[in-house]
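What follows is a short report on a single structure.
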Amino acid sequence: MFEITPRREAVLESPRIFIFPSDRTVPLLVFSWKKRREEHSRLSFRLTVKFNNCAGNKGVRYETNSLDFKVRADGTLFAAHHLQVPSKQLILVVTAWDPQTLGRWEAMVRFLVADKSQHNGHKPKGRKALPGELVQQQSDTLLPWRQHQSANGLRRQKRDWVIPPINVPENSRGPFPQQLVRIRSDKDKEIHIRYSITGVGADQPPMEVFNIDPVSGRMYVTRPMDREERASYHLRAHAVDMNGNKVENPIDLYIYVIDMNDNRPEFINQVYNGSVDEGSKPGTYVMTVTANDADDATTANGMVRYRIVTQTPQSPSQNMFTINSETGDIVTVAAGLDREKVQQYIVIVQATDMEGNLNYGLSNTATAIITVTDVNDNPPEFTTSTYSGEVPENRVEVVVANLTVLDRDQPHSPNWNAIYRIISGDPSGHFTIRTDPVTNEGMVTVVKAVDYEMNRAFMLTVMVSNQAPLASGIQMSFQSTAGVTISVTDVNEAPYFPTNHKLIRLEEGVPTGTVLTTFSAVDPDRFMQQAVRYSKLSDPANWLNINATNGQITTAAVLDRESDYIKNNVYEATFLAADNGIPPASGTGTLQIYLIDINDNAPELLPKEAQICEKPNLNVINITAADADIDPNVGPFVFELPSVPSAVRKNWTISRLNGDYAQLSLRIMYLEAGVYDVPIIVTDSGNPPLYNTSVIKVKVCPCDENGDCTTIGAVAAAGLGTGAIIAILICIIILLTMVLLFVVWMKRREKERHTKQLLIDPEDDVRDNILKYDEEGGGEEDQDYDLSQLQQPETMDHVLNKTPGVRRVDERPIGAEPQYPIRPVIPHPGDIGDFINEGLRAADNDPTAPPYDSLLVFDYEGSGSTAGSVSSLNSSSSGDQDYDYLNDWGPRFKKLADMYGGGEED
């Protein structure tokens with residue numbers, strides 16, 4: 001909401017200043033001005049404009065409707081030049097506008113200039129100076145341009161009048177045009193003067209709202225005015241002679257549209273939603289309804305007042321709410337709001353202008369829906385004081401009992417949601433109470449297993465509350481606590497091994513049947529007389545046995561630390577202990593045996609094969625040993641050559657590098673290429689030490705200058721002589737020659753196949769052939785075929801007159817041949833289809849094109865057949881022929897026997 005706050009700041013000879021804003025909703029415009037009266041009433045002053053907007057003044061620009069004044073960006077209003085003040089008042093309209101939001105605000109400023117005598121303390125007799133009094137009253141005829149003459153005949157300088165604003169009521173019924181005022185110049189007695197007006201509403205849109213008689217100076221309004229469309233008009237009146245020369249200075253005319261009560265108040269929303277807590281005190285704010293009236297807010301036409309028409313329901317009182325008639329704020333006026341009784345009120349609010357006068361004002365209504373919100377004024381209460389449940393021992397996440405509560409607050413809200421707590425009876429934390437989000441029940445759940453042998457029953461005390469705290473002044477109910485009795489039932493529990501995993505240590509290699517330990521289990525069911533029996537569940541190497549009654553562990557085989565079943569020197573076995581309860585229960589235990597290493601593995605020489613040059617001092621062989629045992633039963637190792645055979649020590653020598661490595665090299669200056677088995681004795685450092693004689697295969701070969709075996713030397717070292725190598729090379733050459741010859745032969749055959757495609761075996765010919773199947777000719781005389789029979793006869797007589805043996809001659813008909821289409825020289829892709837279709841139609845209509853339509857004879861079997869005629873066969877049954885034997889031929893000849901047999905009986 002914006003409003004105009006006028007502030008006056010007089011300096012020197014300060015005349016009265018009155019600021020009349022055109023709309024109270026515009027932002028604040030504060031004017032501080034300085035004025036200095038000079039000779040001949042010339043006016044020169046500076047006015048500072050301040051614009052206060054709720055959104056901030058950044059970027060706001062100012063302008064004025066007068067050409068005689070300008071406004072700087074900082075709000076300084078100053079005269080563009082020296083002015084003469086011809087009248088007692090000066091009217092300006094200052095506009096502030098925001099280029100970003102395109103909002104505009106206007107304020108009209110009137111300066112009333114007092115006489116100099118009044119500043120000296122003199123007042124005219126018989127009247128009292130009023131701040132807002134106008135010097136000149138509006139009349140039917142205005143003389144804005146007047147010449148004053150003194151008594152001695154001297155002419156005073158001309159002063160222009162400022163015309164008081166012209167008020168025009170809106171929605172006038174006419175008749176139109178309706179005269180507003182008449183403007184005259186006192187020079188009209190001397191010359192002919194023509195009058196005109198300019199500005200918005202005259203020669204600027206909206207056009208021709210006002211016009212003026214150019215001769216008489218009477219100004220008219222041409223149609224009804226609407227203040228809500230435009231509240232004021234600023235026009236300028238001009239007086240010129242018949243030649244268009246200016247006679248008088250233009251004068252400003254301000255026309256204000258007088259507001260009429262022609263608009264009803266309109267609510268911003270037809271339905272308003274608000275809420276208020278139940279139990280609120282009288283005077284509690286609920287909501288605000290707002291109605292706007294398009295009429296002038298500075299008059300009674302736009303002053304809206306509010307009142308409540310109806311309230312539904314009228315419980316507990318018919319006036320639970322009241323409304324501020326000016327602001328529209330709805331507040332509670334009575335106590336007793338209870339959501340559990342009334343959850344919602346519907347209030348009809350009426351807005352009336354004319355300051356709420358129902359006789360003259362216009363009204364409108366809106367609906368205010370007020371929801372009574374819930375507060376936690378009802379504590380939850382258990383439906384019974386005691387609950388009971390039962391739980392088997394050693395079970396978790398089991399719901400033992402459901403606790404039901406009653407809460408009259410709004411369901412599924414913090415005021416209704418229940419929270420349960422165990423006050424006493426569960427020091428070890430075996431139980432917890434969870435809330436069912438749908439039913440709000442408390443589910444007593446086991447979170448830590450209970451033991452029947454330790455506790456056979458629990459007596460719990462529980463309390464319930466809400467997520468939200470209780471409202472002020474509400475106390476907890478004694479029904480918010482209850483007792484829960486939980487019985488524990490005994491079940492058959494599985495035996496368990498007290499030490500699980502159990503670890504024992506012993507040396508590997510203990511003999512079979514050695515007792516290692518006793519691995520026994522405990523049955524927790526003290527109140528049940530049960531026996532426990534043991535068995536193996538997992539024994540990967542099958543090294544152990546267990547006594548079924550007492551759990552004694554003995555060895556079934558020798559334990560070897562170097563076995564693949566050993567991980568990190570530990571052997572692991574699992575045993576089962578089962579009772580004879582109903583149902584039986586069992587438990588498992590793991591026995592871990594840590595095996596201590598003994599020196600039971602001799603070392604092995606590495607590598608098994610090596611290569612060396614035939615001459616010494618070029619390279620050596622590095623050797624080492626591997627032992628499956630662990631420290632201290634491994635290195636340092638001792639490497640030595642055996643004394644037998646004697647050639648070993650004669651040809652080879654070993655030099656020690658360190659405790660784990662040694663070097664094997666040639667002792668003699670030259671050794672013939674080949675493969676040699678060199679035995680080496682390797683001894684470890686165990687107690688007692690173990691040794692092993694290993695053989696290393698050494699390939700002796702000729703080497704190049706870099707000490708690497710040559711290819712021929714490597715082959716020679718493998719045991720092949722020079723002759724064998726030459727034979728292998730010859731075989732390789734022969735094989736390559738055969739492959740080359742085969743490739744040449746294949747290419748030549750492929751070439752012959754392309755040049756003699758027709759000279760092929762008839763059996764390989766897959767082309768279409770005429771094959772004769774089941775031909776029955778007319779004998780030997782029918783074997784000479786005459787191909788002339790395939791010609792078409794010209795007429796039937798021509799066919800009948802042919803010699804015997806030639807019954808048909810197919811001939812091409814004689815007639816005009818149709819013209820087939822000629823393919824264009826440069827074919828177009830679209831012409832190919834047309835060319836094919838035209839050729840097809842020509843071939844269909846061509847009688848000379850084969851096949852020829854003719855009479856074909858298919859019953860000719862040749863002439864002069866030696867076969868007799870079958871016409872002598874007839875079906876006559878006369879004669880002495882006996883056909884009774886047909887009855888003996890079976891069912892297939894039954895029909896024939898019926899036809900020819902038994903003819904005499906018929």
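Keep in mind that this is a model prediction, so the values were computed, not measured. The residues of the chain are indexed from 1 along the displayed sequence.
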Quiz item: Is the number of heavy atoms from other residues, nucleotides or ligands within 6.0 Å of CD1 (Ile582) greater than 12?
Solution: no

Self-check item: Donor-acceptor under 3.5 Å (Lys697 side chain, Val675 main chain)
Solution: no

Practice item. For Asn651 and Arg667, run side-chain contact (heavy atoms from CB on, under 4.5 Å): C-alpha distance rounded to whole Å, both residues' side-chain angles, the deciding distance at 0.1 Å, then the answer. Key: CA-CA 5 Å; Asn651 297 333; Arg667 178 184 292 272; 5.9 Å; no

Between Trp543 and Tyr571, what is the ring plane arrangement, given parallel below 30°, perpendicular above 60°, and tilted in between?
-> tilted

Would you say His430's side chain and Ala449's backbone share a donor-acceptor pair under 3.5 angstrom?
yes

Can you tell me if Ser665 uses its side chain to pair, donor with acceptor, with the backbone of Val620 under 3.5 Å?
no

| query | When the ring planes of Phe431 and Phe458 are compared, do they come out parallel, tilted or perpendicular, using 30° and 60° as the limits? | reply | perpendicular

- How about Cys613 and Cys701, are their SG atoms within less than 2.5 Å of each other? no

For Asn658, the side-chain contact (heavy atoms from CB on, under 4.5 Å) test, sequence neighbours excluded, returns Asp660, Tyr661

The reported gap from CG in Asp523 to CG in Asp579 (rounded to nearest 0.5 angstrom) is 5.0 Å

Rounded to the nearest 0.5 Å, the CG atom of Asp684 sits from the CG atom of Asn601 at a distance of 9.0 Å

side-chain hydrogen bond (donor to acceptor under 3.5 Å, both in side chains) with Asn415: of Asn378, Asp374, Asn466, Asp407, only one passes, and it is Asp374

**Message:** Quick one, Leu591 with Ile593, criterion side-chain contact (heavy atoms from CB on, under 4.5 Å). Give me CA distance, side-chain angles, the key distance, then yes/no.
**Reply:** CA-CA 7 Å; Leu591 177 65; Ile593 304 175; 4.3 Å; yes

Check your understanding: Aromatic rings Phe519 and Phe575: how do their planes relate, parallel, tilted or perpendicular, breaks at 30° and 60°?
Key -> perpendicular

In this structure, OG1 of Thr485 is separated from OH of Tyr387 (nearest 0.5 Å) by 12.5 Å

>> Quick one: does any side-chain atom of Asp409 pair with a main-chain N or O of Asn376 as donor and acceptor, under 3.5 Å?
In response: no

Between Thr554 and the options Thr517, Val515, Thr512, the side chain to side chain contact (heavy atoms under 4.5 Å, CB included) test singles out Val515

ask   = Hey, does the side chain of Ser480 reach the backbone of Glu381 with a donor-acceptor pair shorter than 3.5 angstrom?
value = no

For Ala494 and Pro524 the tightest heavy-atom approach is O-CD, 3.4 Å

Q: Would you tell me whether Thr404 and Thr383 have side-chain atoms, one donor and one acceptor, within less than 3.5 Å of each other?
A: yes

dist Leu606:CG -> Lys608:NZ (nearest 0.5 Å) comes out at 6.5 Å

Scanning both residues in full, the closest heavy-atom pair of Thr693 with Pro679 reads CG2-CB, 4.2 Å

**Request:** Could you check Leu403 against Val444 for side-chain contact (heavy atoms from CB on, under 4.5 Å), going step by step and ending with a plain yes or no?
**Result:** CA-CA 8 Å; Leu403 312 180; Val444 181; 4.0 Å; yes

